[in-house]
Amino acid sequence: MKYAFTFLVFIVVSFLSFVTHAQFQGAVYQADTSVKVLAYGNQQTLAWCGGFDKAQFAMADLNHDGKQDLIMFTPWVGIRTFINTAASGMPQYVYAPEYELNFPPVTDYLVLADYNCDNIADLFTQQSSYGFVVYKGYYNTNNQLCFTFYKTLTYIDSVTNSAVPAYNNPGNIPAIVDVDGDGDLDFLALDVNGAEIAYYKNLRVEMSLPCDSIYLKLQDNKWGKEFFPFSSCYGGGQGATMCVFDYDSDGDYDLLEGTISCYNMRLFMNERIPYNASGPDSIIIYDSTWQTNGTTITLPSFPAAFNLDIDQDGKKNILVAPSGSGENYNCYLYYKNNSTPGNPSWSFQSDSFLFDKTIDLGTAAYPQFFDFNKDGKPDLFIGSDGYYQTNDSLRSRISYYLNTSTPGNPSLTLQTTDFLGINSYDFKGIAPAFGDLDNDGVTDMVIGHTDGTLSFFKNMAASDNVQPQWQLSQLVLKDVNNVAINVGSNAAPFVYDMDKDGKPDLIIGAASGDLRFYRNMSSSAGSLSLKLANDSLGHAMADPNYAHNSLTTPFIGKIDNTGIDYILLGSSSGYLYRYDNFQHADTGANVYFTLIDSAYSYVDTLFNYYKYTWNASNTLPKVYYNGYRSAPTVADIDGDGKYEMIVGDVYGGVRLYEQKLNVVAGVSNIAANSFEVKVYPNPASDIVNVIGSNIHSATANISVTDITGKFLLQKEVLATNKNINTSIDIKSFAAGLYLLTMKAGGEQKVTKLVKR
């Protein structure tokens, strides 16, 4: 059987297709948010949650404390969860990734709403050809919101008299609200052209069905009774977003719509109430660029609006974000609801909702540590592929964070978002690196660009004991033959004495995945002389199965308490690759460095999801990468002997990981830090035994999904003496391939299960 589709699962080490060696250490690092980041006198409380870009928003009580928390979903990437920690009043959101593991696979859209009257949020999404797939919400024993599969939504076709899936055009965001006010949720979906809205009425109340029911009828192919006009920018048929809400507080639903080719959103007003309360919904007023008389939404492209009580004052506000490519910074618009019945009042508050609390440099962040002010503490510099410009290009600059840590209190403080005024150079892509490349005893700066070239900033300071004075010396860095150095695209430099001759060399990662090694040939102080010595150094590569799109980003140095230098490679997949056996100074073409692991410390910048495409032989999945990116740098920020690792992601943000385990060179830590799962018999026809060992939590959650992501079984099992021994009944399953997932202690593992 051939499976020609993509399935999302969380990062699972059991499925890694690359060889790992004896020194694989397990979870040496863990995600951490304890390092404070200050900017403009305020703490950036979301500094380490990664960058923001296109997004969808929803709210639910994630930890069962009675307060609404925030969920951010990026299509085909994943979910991020933020807990509201405020005692009252304006919410204070804190990034809490542990709740992300409780969400099922979500692809095109995410809507949270209570369909079964239990006051717990349920989840609606799209999977494959099914426009509406429903997961029932519940709280587990840890009071965390979880979901179990309920059903895909169908209706009875009036022509064929058969059940067919309720349709939602893939890529569109539907509306799930009580359209007719009868107490159950109804469903609105735009047609393939984005011009007419199908109204699927829920007949639960009319048919006196149990509250835990959804029964749909296609009530109307043209909700609103009007053809929603295309604006001149509309390209036709590609996609649209809907936010159905009561704009004027008059008791009926209005529509705020975005389209894939338009920068603005359009407001359609409903006349059903008060003009014709007993009649159908009918659109009578059209504002082509809401707010025409206020702050107009301008988000290239595909803006989407969400009706949420962001400030939790009892009134739902409007939050707008791009759902397509384009704007990548300060692009979440927040409109406060000040309306009273019949008197709409929506005041623009900010375009930087959440952005003002995080580190975000637009697209694809490249962090590097360097002690700039020479106080003995590593400072943080971050470049990126750039901030979006109105001409649809990217323009890059460097943010500089001073290390302001004191013993026991690690902190970084923003000094500038345009270090050295680099914005004026109009660089496309900045990946910074630091080292003495011209052999004059002071540290220079080199930056890599998206087009594969590099620029060289010479240090004019009198010594290396004072703050550098960098000046642009070569706009395009050239080699010893006066030829421009160009690695094709996405140049990511690092300076390190690879051949052990006492002179720092230049190592460059690139989209191709290889490491280019330029030997420092300088024979006199101040002379810059670089010679290409190897265009595939040590044959080290990130994402080796996906050369030419690997986006290798190197860090070379100490990464744990052993004091051993390693090569750590960021990648397009979001994983980190660790290499050893390069310290012998042999850089010849036939030398192969040793790949220790291909998912160092389980770090993955892809939020909580990971993509796989099953191959035709139904064996191990082939990884499908989609440019998620990881760019690592490592240092001991606070001088406590434990290292911190900062990893840049594709959305211009960074994640912080703290070394939690002391490492013994050559000894694996896996047994102490990772549970194991065994499933037998496999294949099986009826009963399957599931054994979990080394469980570091009181319970484990076991679920089984088919290969479309549909949940078929879910159970919570108590752990006894760190072990689990249970069984599941699969007699009712159709023959084929399934995925069994075990979650415990913030970790997740997935095993193939075959039903005979």
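The model shown is predicted, which means the values in this text are computed figures rather than measured ones.
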What is the distance from atom [atom1] of [X] to atom [atom2] of [Y], rounded to the nearest 0.5 Å?
{"X": "L537", "Y": "I508", "atom1": "CG", "atom2": "CD1", "result": "11.5 Å"}
{"X": "I556", "Y": "D497", "atom1": "CD1", "atom2": "CG", "result": "10.5 Å"}
{"X": "D53", "Y": "S323", "atom1": "CG", "atom2": "OG", "result": "11.0 Å"}
{"X": "L576", "Y": "I559", "atom1": "CG", "atom2": "CD1", "result": "9.0 Å"}
{"X": "L361", "Y": "S399", "atom1": "CG", "atom2": "OG", "result": "4.0 Å"}
{"X": "F582", "Y": "Y496", "atom1": "CZ", "atom2": "OH", "result": "4.5 Å"}

**Request:** Show your reasoning for whether side-chain contact (heavy atoms from CB on, under 4.5 Å) applies to K54 and Y651.
**Result:** CA-CA 9 Å; K54 55 187 177 182; Y651 290 114; 4.0 Å; yes
Distance alone, cut at 3.5 Å: any donor-acceptor contact between the side chains of [X] and [Y]?
{"X": "N534", "Y": "T587", "result": "no"}
{"X": "T443", "Y": "D464", "result": "yes"}
{"X": "Y577", "Y": "D543", "result": "yes"}
{"X": "E327", "Y": "N330", "result": "no"}

Within a radius of less than 6.0 Å around [atom1] of [X], do more than 12 heavy atoms belonging to other residues, nucleotides or ligands occur?
{"X": "K531", "atom1": "NZ", "answer": "no"}
{"X": "K642", "atom1": "NZ", "answer": "yes"}
{"X": "N590", "atom1": "CG", "answer": "no"}

Would you find a donor on one side and an acceptor on the other, under 3.5 Å apart, between the side chain of [X] and the backbone of [Y]?
{"X": "D438", "Y": "N459", "result": "no"}
{"X": "N423", "Y": "R395", "result": "no"}
{"X": "R80", "Y": "C49", "result": "yes"}
{"X": "T363", "Y": "S384", "result": "no"}
{"X": "D371", "Y": "G376", "result": "yes"}
{"X": "H584", "Y": "D586", "result": "yes"}
{"X": "Q583", "Y": "D565", "result": "yes"}
{"X": "T416", "Y": "D418", "result": "yes"}
{"X": "S405", "Y": "S411", "result": "yes"}
{"X": "W48", "Y": "V37", "result": "no"}

Side chain to side chain, [X] and [Y], heavy atoms closer than 4.5 Å:
{"X": "T404", "Y": "K36", "answer": "no"}
{"X": "D636", "Y": "E644", "answer": "yes"}
{"X": "F372", "Y": "Q467", "answer": "yes"}
{"X": "T552", "Y": "D514", "answer": "no"}
{"X": "C331", "Y": "F52", "answer": "no"}
{"X": "L38", "Y": "N42", "answer": "no"}
{"X": "R516", "Y": "I485", "answer": "no"}
{"X": "P322", "Y": "Y332", "answer": "yes"}

**Prompt:** Mind checking whether F370 and W470 have ring centres under 6.0 Å apart?
**Reply:**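 Ring centroids of F370 and W470 are less than 6.0 Å from each other.
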**Prompt:** Is the centre of the Y657 ring less than 6.0 Å from the centre of the Y600 ring?
**Reply:**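 Not under 6.0 Å, so no.
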**Request:** Decide yes or no on side-chain contact (heavy atoms from CB on, under 4.5 Å) for T417 and R397, but give the supporting numbers first.
**Result:** CA-CA 7 Å; T417 59; R397 54 184 190 258; 4.1 Å; yes
**Asked** Step by step, would you call D385 with R629 a salt bridge (charged side-chain N to carboxylate O under 4.0 Å, His left out)?
**Response** CA-CA 12 Å; D385 278 357; R629 312 283 284 278; 3.5 Å; yes
In terms of ring plane angle, is the pair [X] and [Y] parallel, tilted or perpendicular, where the classes change at 30° and 60°?
{"X": "Y329", "Y": "Y387", "result": "perpendicular"}
{"X": "Y425", "Y": "F427", "result": "parallel"}
{"X": "Y400", "Y": "F381", "result": "parallel"}

**Message:** For a ring-ring contact (aromatic ring centres under 6.0 Å, His included) check, start with the C-alpha distance between Y643 and F369, then their side-chain angles and the critical distance, and finish with the verdict.
**Reply:** CA-CA 12 Å; Y643 284 82; F369 283 117; 9.9 Å; no
**Message:** For a side-chain contact (heavy atoms from CB on, under 4.5 Å) check, start with the C-alpha distance between T413 and Q415, then their side-chain angles and the critical distance, and finish with the verdict.
**Reply:** CA-CA 6 Å; T413 301; Q415 303 299 296; 3.8 Å; yes
**Message:** Which heavy atom of N403 sits nearest to which heavy atom of P378, and what is that distance?
**Reply:**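 What the structure gives for the nearest pair is ND2-O, 2.9 Å.
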**Item:** Heavy-atom pair with the smallest gap, counting every atom of G429 and S396
**Value:**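 Nearest pair, atom of G429 first, then S396: N-OG, 2.7 Å.
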**Item:** Chi angles and distances behind the salt bridge (charged side-chain N to carboxylate O under 4.0 Å, His left out) call for K458, D440
**Value:** CA-CA 10 Å; K458 180 176 174 60; D440 62 357; 3.1 Å; yes
**Request:** Give the intermediate values and the outcome of side-chain contact (heavy atoms from CB on, under 4.5 Å) for residues I447 and L454.
**Result:** CA-CA 6 Å; I447 57 178; L454 302 96; over 6 Å; no
**Asked** Do R655 and D649 pass the salt bridge (charged side-chain N to carboxylate O under 4.0 Å, His left out) test, and can you show the C-alpha distance, the side-chain angles, and the key distance before you say yes or no?
**Response** CA-CA 8 Å; R655 319 282 183 87; D649 67 24; 3.5 Å; yes
